[in-house]
Amino acid sequence: MSIAIAPFVFTSASVELLAPTAQNPICGAYPENLVVRDYDFDATLIDTLALPSADVSTKTHLISLPNYTFSCAHSSLLKGLPKDVTGLVSLSRYNLSLPNQISSALSVPNTFAVCFPGSFKSTGVAFFGSTGPYYALFENSKIDLSKSLIYTPLIVNPDGIGDTVISYSDDPPSYEYFVNLTSVRINGQNVPINVSLLNIDHENFLGIGGTKFSSNTPYSLLERSIYKAFTKLFIKEASLSRFNLTRTSPVKPFSVCYAARLVKVTSIGPDVPTVDLELGGKKGVVWRIVGANSIVRVKNKKNNLDLWCLGFVDNGVNKKTSIVIGAKQLEENLMQFDIESNKLGFTSLLTSHSLKCSNFNVTDFA
Ligand SMILES: *[C@@H]1O[C@H](CO)[C@@H](O)[C@H](O)[C@H]1NC(C)=O
Ligand SMILES: *[C@@H]1O[C@H](CO)[C@@H](O)[C@H](O)[C@H]1NC(C)=O
Ligand SMILES: *[C@@H]1O[C@H](CO)[C@@H](O)[C@H](O)[C@H]1NC(C)=O
Ligand SMILES: *[C@@H]1O[C@H](CO)[C@@H](O)[C@H](O)[C@H]1NC(C)=O
Ligand SMILES: *[C@@H]1O[C@H](CO)[C@@H](O)[C@H](O)[C@H]1NC(C)=O
Ligand SMILES: *[C@@H]1O[C@H](CO)[C@@H](O)[C@H](O)[C@H]1NC(C)=O
């Protein structure tokens, strides 16, 4: 059995529950909006959550999760989120996240898969409680994309402080998903990176360094020295005759932009140097980022601005995590977070397989 939600607009949040005490007999929670880094204190409630089944072999039906733990939140906590969003769901490792509550209520695998659409006009999908199959429709046939996943281990950062807006005194491990990024290549060339930034440093229980995913961060964030080396190499490779790109004045938050008229656009986005993230596990586990996921269109009719900008942002120095892989880089990829086996499966850009998240045609189950 598996559960699918589509169309899918994604945000992530963490919720920390407070146990009732003699002084404070109400069960409360601190729901967080990590996009604007704000939080609220509100009541928790237990109710039934009903979600559509994604089992293609059965008729549409809802699966009920009785005794599901929710947190109330004031509507002001929705600021910074797209309009029409009415709530936040946590997909984290926390035991009250949606995948964890589904897994324990239904005794199904603690796994979820998500595919974020590349635009508001398109749809995405999320599957819970199943390691597959994940069917997409392609030219009137059904293909199982769980068979196309490439796997890398997920790493638990032992130190969660700083990942949530509120810091909790019991010092839990991080509820976020880290991977062991070992090197970055641009157009096949190695970006020189200080290796100590790529490892998680457990000294002083701060968990500094490493690479994590964050769907609530619009563009990947790179520690300053990594950002400098990364953009320097990108500019060099893009200037080669194969791309023949010369920079123009950038627009914040970006620092590398090209006039749109210079950039050739293909079915996998702007034709620019590829970015390869080499990940832990078997040798050769590579997350390839092509133009559709690396380059952002910046347009402003008023001043005739039309640019393609490198969608990575300088995160300064002394931030907890060296590399935060953001939403732009995750679009139109199928990602499976297997919390039980601590591994991440990914497809890289689905368009390279002539597919999109909207090919997971599960709207008829909703
Ligand atoms: C929900 O929780 C109540 C109170 O703990 C319990 O009596 C009930 O059996 C639970 N229902 C289900 C379906 O687990
Ligand atoms: C969830 O985790 C908290 C803290 O890690 C723990 O105290 C609590 O018992 C867990 N709840 C369940 C339902 O496993
Ligand atoms: C990450 O990969 C490096 C290089 O292969 C290895 O030395 C290190 O132990 C790995 N770290 C983890 C946490 O797996
Ligand atoms: C590498 O980074 C570590 C941690 O930030 C720092 O202590 C060290 O000096 C850096 N090494 C080089 C060669 O820059
Ligand atoms: C490279 O681009 C410049 C304009 O930016 C153009 O003048 C030149 O002809 C191009 N060279 C090649 C080899 O396409
Ligand atoms: C998705 O399913 C709906 C309902 O079954 C159907 O009308 C629609 O054409 C399908 N879309 C695609 C892309 O196959």
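Remember, it's 1-based here, ligands and their atoms both numbered in the order they're listed. Computed from heavy atoms alone, side chains included, the values below leave out hydrogens, waters and symmetry copies.
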of all protein heavy atoms, closest to atom 9 (O) of ligand 1 is N67 ND2, 4.9 Å

Next item on the list: Take atom 5 (O) of ligand 1 and look for protein heavy atoms under 4.0 Å from it; say yes if you find one, no if not.
Entry: no

One finds that the ligand 3 atoms under 4.0 Å from a non-hydrogen atom of N180 are 1 (C), 2 (O), 3 (C), 8 (C), 10 (C), 11 (N), 12 (C), 14 (O)

- Message: Over 60° means perpendicular and under 30° means parallel, so tell me whether F254 and Y219 are parallel, tilted or perpendicular.
- Response: perpendicular

Closest non-hydrogen atoms of L154 and K343, given as atom of the first, atom of the second and distance, are CD1-O, 3.5 Å

re atom 3 (C) of ligand 4, the protein heavy-atom contact at minimum distance is S196 OG, 3.1 Å

**Prompt:** Going by an N to O cut-off under 4.0 Å, is there a salt bridge joining D314 and K228?
**Reply:** no

| task | Please indicate, with yes or no, if any protein heavy atom is found under 4.0 Å from atom 11 (N) of ligand 4? | result | yes

F41 vs Y30 aromatic rings, parallel, tilted or perpendicular, using cut-offs 30° and 60°?
tilted

Within 4.0 Å of some non-hydrogen atom of T182, the atoms of ligand 3 are 2 (O), 4 (C)

Handout entry: Side-chain heavy-atom pair V313, L222 within 4.5 angstrom cut-off
Key = no

- prompt: In terms of ring plane angle, is the pair F213 and F337 parallel, tilted or perpendicular, where the classes change at 30° and 60°?
  reply: perpendicular

Heavy-atom proximity to atom 13 (C) of ligand 4 ranks first, among N194, V195, I193, for N194

The atoms of ligand 3 lying under 4.0 Å from a heavy atom of I155, numbered in the order shown, are 13 (C)

message: In this structure, is the centre-to-centre distance between the rings of F360 and F127 below 6.0 Å?
response: yes

Note: ligand 1 atoms sitting under 4.0 Å from heavy atoms of P66 are 13 (C)

